[in-house]
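For reference, the structure is listed below as structure tokens.
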Amino acid sequence: MQAITARDQEAGLAGLTLTEVPCPHLAENEVMVRVHASGFTPGELTWPGTWTDRAGRDRTPSVPGHEVSGVVTELGYGTTGLSVGQRVFGLTDWTRNGSLAEYVAVEARNLAPLPADVDHAVATATVISGLTAWQALFVHTRIGPGQTILIHGAAGGVGSIAVQLAREVGARVIGTGRARDRDTALKLGVAAFVDLENETLEDVGQVDVVFDVIGGDIRDRSTALVRPGGTLVTIASPPEIQPQNGRAIFFVVEADRSQLTELATRLRDRRLTPNIGAIRPLSEAVAAFGPDAPRVPGKTIIRVTNDD
């Protein structure tokens with residue numbers, strides 16, 4: 001099969017190539033997915049799991065990409081809950097070959113059924129961003145009606161979904177970002193927007209929840225905005241400062257079929273829209289993420305096949 005492979009950690013994006021590799025083998029409780037759309041984050045090339053397996057052994061050439069949407073073509077021994085021919089989407093294992101390929105082997109529990117009227121590219125763009133936003137809002141903070149949440153990077157992949165989910169449950173949302181993000185954030189429904197380059201973050205006052213995707217100084221300054229009993233939750237790095245009489249939580253997104261199912265329902269009902277910037281074929285994947293590629297707002301999705 002064709003796949004994008006990474007062989008040299010020092011080369012970074014320049015080390016990605018489109019090559020022929022063997023099809024993956026299925027283990028117990030896994031399914032083979034014919035990949036229709038794949039998501040890739042350049043930061044993956046700095047993750048240990050891209051280069052070594054769980055035992056710390058070199059596994060290059062490795063196939064990156066952890067977001068996938070496609071169709072089940074084969075079931076591993078003991079697999080239940082999914083069937084051959086079923087449309088699915090979800091998260092691949094961090095330490096195994098991923099989704100920038102024509103086929104990928106995935107644990108069945110990491111996938112959820114995808115409604116027939118949801119496009120594979122839309123589903124793929126929702127996997128990591130959607131799961132991250134869901135877990136931040138409803139697992140780690142449990143935002144609810146009448147509360148106020150400050151969402152950093154409100155126009156980005158994770159932030160834009162977090163805005164939509166928070167508004168759905170009746171929370172008041174304050175978004176932040178760059179000046180160019182203001183219109184996008186306002187269209188998503190934020191009650192107010194802070195341009196972090198030209199406006200004062202502290203002017204927003206106290207909030208019940210801060211959702212941080214930036215880290216550093218912005219995360220640290222945000223701790224003072226958390227009212228007593230509130231929570232700062234971040235995916236950037238472990239917080240060094242705790243809010244007074246509040247909590248600070250760092251987490252790494254995890255696969256969850258029930259949460260994916262909730263997201264799929266919202267995609268089907270048009271209650272949730274991911275931020276897609278471009279859709280490129282597998283043959284153009286290397287160029288799409290290379291240093292000379294034009295930067296586009298939103299996530300770049302790789303369309304591996306157009307068949308359904």
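Hydrogens, waters and symmetry mates are skipped; everything else that's a heavy atom, side chains included, is used.
- With a 6.0 Å radius and a threshold of 12 heavy atoms from other residues, nucleotides or ligands, R109 has its CZ atom at or below the threshold.
- Separating the OG1 atom in T73 from the CG atom in L26 is a distance of 7.5 Å, to the nearest 0.5 Å.
- How far CG of L45 is from CZ of F289: 10.0 Å, rounded to the nearest 0.5 Å.
- At least one side-chain heavy atom of K299 sits under 4.5 Å from a side-chain heavy atom of T41.
- Across V118 and A264, no two heavy atoms sit closer than the pair CG2-O, 4.5 Å.
- A heavy-atom distance below 4.5 Å is not found between the side chains of L111 and L260.
- Linking ILVMFWY residues whenever their side-chain heavy atoms come closer than 4.5 Å, directly or via other members, places V68 and V84 in the same cluster.
- The hydrophobic cluster containing L225 does not contain F250, counting ILVMFWY residues as joined when their side-chain heavy atoms lie under 4.5 angstrom apart, directly or transitively.
- A donor-acceptor pair is defined here as one N or O able to donate and one able to accept, closer than 3.5 Å; no such pair exists between the side chain of Q86 and the backbone of V72.
- Connection of V163 to L201 is established within a shared hydrophobic cluster, with ILVMFWY side chains joined at heavy-atom distances below 4.5 Å, either directly or through further cluster members.
- T52 contributes no side-chain N or O that, together with a main-chain N or O of G49, makes up a donor-acceptor pair within less than 3.5 Å.
- Under a cut-off of 6.0 angstrom, the local environment of CD in Q244 is sparse, with at most 12 non-hydrogen atoms contributed by other residues, nucleotides or ligands.
- Residues L272 and L263 are in side-chain contact: their nearest non-hydrogen atoms beyond the backbone lie under 4.5 Å apart.
- Listed for the W51 side chain is no donor-acceptor partner under 3.5 Å among the backbone atoms of T46.
- For the atom pair OG1 (T126) and CG (L267), the distance works out to 4.0 Å, reported to the nearest 0.5 Å.
- Sequence neighbours left out, the pairs with a member in residues 225-239 that pass side chain to side chain donor-acceptor pair (under 3.5 Å) are D208-R227, D212-T234, R219-S237, T231-R247.
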Worked verdict on V122 versus F89 for side chain to side chain contact (heavy atoms under 4.5 Å, CB included) = CA-CA 10 Å; V122 172; F89 77 123; over 6 Å; no
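- L188 CG to N275 CG: the interatomic distance, rounded to the nearest 0.5 Å, is 8.0 Å.
- In terms of heavy-atom proximity, I214 sits nearest to G153 at CD1-N, 4.4 Å.
- What you find for N97 and P61 is that their closest heavy atoms are OD1-O, 4.2 Å.
- Around CZ of R221, the count of heavy atoms belonging to other residues, nucleotides or ligands within 6.0 Å exceeds 12.
- Other residues, nucleotides and ligands place more than 12 heavy atoms under 6.0 Å from the CD atom of Q242.
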query = Yes or no on side chain to side chain contact (heavy atoms under 4.5 Å, CB included) for N29 and E107, after CA distance, side-chain angles and deciding distance?
reply = CA-CA 6 Å; N29 297 318; E107 285 190 73; 5.9 Å; no
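- In this structure a side-chain-to-backbone donor-acceptor pair under 3.5 Å is present from T50 to E44.
- Both L91 and F138 are part of a single hydrophobic cluster, where members link through side-chain heavy atoms under 4.5 Å apart.
- At least one side-chain heavy atom of P24 sits less than 4.5 Å from a side-chain heavy atom of M1.
- Closest non-hydrogen pair, I276 versus A121, comes out as CD1-O, 3.8 Å.
- Looking only at side-chain heavy atoms (C-beta outward), S69 and L114 come within less than 4.5 Å of each other.
- Hydrophobic clustering keeps V253 apart from V139 (ILVMFWY residues linked when any side-chain heavy atoms are closer than 4.5 Å, directly or through intermediates).
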request  = Evaluate the side chain to side chain contact (heavy atoms under 4.5 Å, CB included) criterion for residues I174 and F193: first the C-alpha distance (whole Å), next the side-chain angles of each, then the deciding distance (0.1 Å), finally the verdict.
outcome  = CA-CA 6 Å; I174 301 171; F193 181 84; over 6 Å; no
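- Formation of a donor-acceptor pair under 3.5 Å by the R59 side chain with backbone atoms of T95 is found in this model.
- To the nearest 0.5 angstrom, L131 atom CG is 11.5 Å from E262 atom CD.
- Side chain of E74 to main chain of M32: no donor-acceptor pair is present (N/O by atom type, distance under 3.5 Å, no hydrogens or angles).
- Pairing each heavy atom of Q206 with each of V226, the nearest pair is NE2-O, 4.0 Å.
- Between I302 and T124, the closest side-chain pair of non-hydrogen atoms is not below 4.5 Å.
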task = Could you walk me through whether T176 and H152 pass the side chain to side chain donor-acceptor pair (under 3.5 Å) test, one step at a time?
result = CA-CA 5 Å; T176 77; H152 290 307; 2.8 Å; yes
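- Counting only heavy atoms from C-beta outward, the side chains of L13 and P42 approach each other to under 4.5 Å.
- Rounding to the nearest 0.5 angstrom, the gap separating the CD1 atom in I143 from the CZ atom in R172 is 11.5 Å.
- For residues 14-23, every residue pair satisfying the side chain to side chain donor-acceptor pair (under 3.5 Å) rule, not counting sequence neighbours, is listed here: T5-T17, T5-T19.
- Under the 3.5 Å distance criterion, the side-chain polar atoms of R270 are matched with a main-chain donor or acceptor of R268.
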key: Stepwise side chain to side chain contact (heavy atoms under 4.5 Å, CB included) test for F40 and L16   = CA-CA 12 Å; F40 167 72; L16 297 179; 4.2 Å; yes
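- At least one side-chain heavy atom of F211 sits under 4.5 Å from a side-chain heavy atom of T132.
- For the pair T300 and A288, the tightest heavy-atom approach, listed with the atom from each and the gap, is CG2-CB, 4.2 Å.
- Side chain to side chain, Q259 and Q135 meet the donor-acceptor criterion of an N or O pair below 3.5 Å.
- Without hydrogens or angle criteria, D220 side chain to E240 main chain gives no donor-acceptor distance under 3.5 Å.
- A donor-acceptor contact shorter than 3.5 Å links the side chain of D53 to the backbone of R57.
- The backbone N or O of V304 sits nowhere less than 3.5 Å from a side-chain atom of H36 that would complete a donor-acceptor pair.
- No more than 12 heavy atoms of other residues, nucleotides or ligands lie within 6.0 Å of CZ in R142, so this atom counts as exposed by the packing criterion.
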